Amino acid sequence: MSAAAAAPRRIGMFGGAFDPPHLAHVALARAAVEQLALDELRVFPTGQAWHKARALSANADRLAMSRIAFADVPRTVVDARELERSGPTYTVDTLRELRREHPQAELLLVIGADQAESLHLWHDSAEIARLATIAIAERARPAMAPVPFDASQVPGGHWRPVELPPMPVSATEIRARVARAEGIAHLVPDGVARYIDQNHLYRTT
Ligand code: ATP
């Protein structure tokens, strides 16, 4: 087989703090690979994101948990490059790198609807929309009506949905539950629950 024939053609990018990665992240990755017919989904734990006020857990922990969480998702690899960058990490920089590495591929940026609502505020959002198709999954929020997604917020208006059963789980809730010594087994993959426990993450005492 020639190198060109082996090169991936549809590459998804899925970024997140993954602090920790949870079952909705895994379900979204699976749904994206299947519904978008991806040849490859690259998962990018972010560096210290400019739009999150809270300091994130150590890069090494988020990377290790991401590798555990996404290990069984077909055609999915965890990519550490955003963690290795100094300074702020911008999605547009990663998309540009993917474009250089795979000039022929279609790039798809996979995000939840909460992120899509603020996509127009991301660094160089117009360039993001030029480089990638935006693939958006509905996101249910605990104790809140789902916010209807406004497609006009996507720069260029070019997007497609990823169908995902509503999963009202967030990393924020998981950290809070651990801090209160409550169980999280129903919210994260087993290996991630073990990692959190063994490494004493998110505890206050
Ligand atoms: P936090 O609560 O710390 O803000 P989070 O649960 O939102 O974290 P992130 O790592 O910020 O997790 O999310 C990564 C990506 O996964 C984002 O695009 C986000 O929209 C999406 N996502 C996270 N949780 C869900 C969910 N329950 N349903 C659909 N998409 C989700």
Side-chain angles (χ1 to χ4, degrees), residues 12-36 41-59 61-70 73 76 78-80 82-83 89-92 94-95 107-123 125 128-129 132-150 153-154 159-180 184 186-189 192-193 196 201-202:
M13 166 176 181
F14 181 34
F18 302 124
D19 193 13
H22 52 64
L23 291 180
H25 293 138
V26 178
L28 177 46
R30 280 185 191 281
V33 168
E34 222 167 87
Q35 292 171 33
L36 304 171
L41 177 65
R42 300 193 82 85
V43 174
F44 295 90
T46 52
Q48 301 288 327
W50 59 271
H51 58 282
K52 296 230 173 183
R54 189 183 63 86
L56 300 174
S57 300
N59 289 354
D61 287 328
R62 294 183 297 113
L63 179 60
M65 290 191 287
S66 299
R67 292 209 160 115
I68 295 166
F70 295 102
V73 183
T76 299
V78 175
D79 188 322
E82 291 196 357
L83 299 173
T89 61
Y90 293 118
T91 298
V92 71
T94 306
L95 281 172
L107 303 179
L108 297 101
L109 176 66
V110 178
I111 53 179
D114 58 314
Q115 298 277 295
E117 282 160 23
S118 60
L119 185 61
H120 62 290
L121 301 174
W122 291 17
H123 184 69
S125 60
I128 292 176
T133 300
I134 315 296
I136 302 172
E138 185 64 54
R139 176 157 191 186
R141 294 155 217 238
M144 273 196 228
V147 176
F149 167 63
D150 175 4
Q153 302 288 55
V154 176
W159 69 285
R160 46 176 301 178
V162 178
E163 306 290 339
L164 187 71
M167 301 181 71
V169 42
S170 72
T172 302
E173 181 199 353
I174 292 163
R175 294 191 301 272
R177 290 184 68 90
V178 175
R180 294 193 301 260
I184 55 165
H186 57 302
L187 300 173
V188 296
V192 171
I196 290 170
L201 299 185
Y202 312 127

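Atoms within a ligand are numbered from 1 in the order they appear, just like the ligands themselves. As the structure is a computational prediction, the values presented were derived from the model and not from experiment.
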Hey, is the main chain of Glu173 close enough, under 3.5 Å, to the side chain of Ser170 for a donor-acceptor pair? yes
Heavy-atom proximity to atom 6 (O) of ligand 1 ranks first, among Gly15, Ala171, Ala29, Pro166, for Ala171
Grab the two heavy atoms, one from His25 and one from Phe14, that are nearest each other, plus how far apart they are. O-CE2, 3.6 Å
Shortest non-hydrogen pair, Tyr90 vs Glu82, comes out as O-OE2, 4.4 Å
Should Gly112 be counted as touching ligand 1, given the test is an N or O pair under 3.5 Å? yes
Would you mind listing which atoms of ligand 1 come within a distance below 4.0 Å of any non-hydrogen atom of Ile111? 18 (O)
Should you measure from each heavy atom of Gln115, which atoms of ligand 1 turn up under 4.0 Å away? 17 (C), 18 (O), 19 (C), 20 (O)
Quick one: does His22's side chain get under 4.5 Å of Val192's, heavy atoms only? no
Based purely on interatomic distance, does Leu28 place a nitrogen or oxygen under 3.5 Å from a nitrogen or oxygen of ligand 1? no
Got an N/O contact under 3.5 Å between Pro168 and ligand 1? no
I'd like to know if the side chain of Ser66 reaches the main chain of Arg62, judged simply by a donor and an acceptor atom lying under 3.5 Å from each other, with no hydrogens or angles considered. yes
Counting from 1 in the order shown, the ligand 1 atoms closer than 4.0 Å to a non-hydrogen atom of Thr172 are 1 (P), 2 (O), 3 (O), 4 (O)
Is there a side-chain contact between Thr89 and Thr94 (heavy atoms, below 4.5 Å)? no
With nothing but distance in play, are any N or O atoms of Leu164 less than 3.5 Å from an N or O of ligand 1? no
Evaluate His25 for polar contact with ligand 1, using N/O atom pairs at a separation under 3.5 Å. yes
Regarding ligand 1, does Asp19 bring an N or O atom to under 3.5 Å of one of the ligand's N or O atoms? no
Heavy atoms of His120 and Glu117 approach each other most closely as CE1-O, 3.1 Å
Side chains of Leu41 and Phe70: does their closest heavy-atom pair fall under 4.5 Å? no
Can an N or O of Phe18 be found at a distance shorter than 3.5 Å from an N or O of ligand 1? yes
Near Phe14, which atoms of ligand 1 are under 4.0 Å from a heavy atom of that residue? 15 (C), 16 (O)
Considering only heavy atoms of Gly16, which atoms of ligand 1 have at least one such atom less than 4.0 Å away? 10 (O), 14 (C)
A student comparing Ala17, Ala116, Ala176 should find that the heavy atom closest to atom 10 (O) of ligand 1 comes from Ala17
Suppose I only count heavy atoms of Arg175 and a 4.0 Å limit; which atoms of ligand 1 are within that range? 3 (O)
Tyr202 versus Pro20, closest heavy-atom pair with distance: OH-N, 3.1 Å
Judged by non-hydrogen atoms, does Glu173 sit under 4.0 Å from ligand 1? no
Ignoring hydrogens, what is the shortest heavy-atom contact between Val26 and Pro189? Give both atom names and the distance. CG2-CG, 4.0 Å
With heavy atoms of Met167 as the reference, note each atom of ligand 1 found under 4.0 Å away. 26 (C), 27 (N)
Minimum side-chain heavy-atom gap Phe44-Met13 below 4.5 Å: yes
At under 4.0 Å between heavy atoms, what of Asp114 touches ligand 1? The answer is side chain
Kindly give the heavy-atom pair with the smallest separation between Ser57 and Asp19, and that separation in Å. OG-OD1, 2.7 Å
Answer side chain, backbone, both or neither: which part of Glu138 comes under 4.0 Å from ligand 1, heavy atoms only. backbone
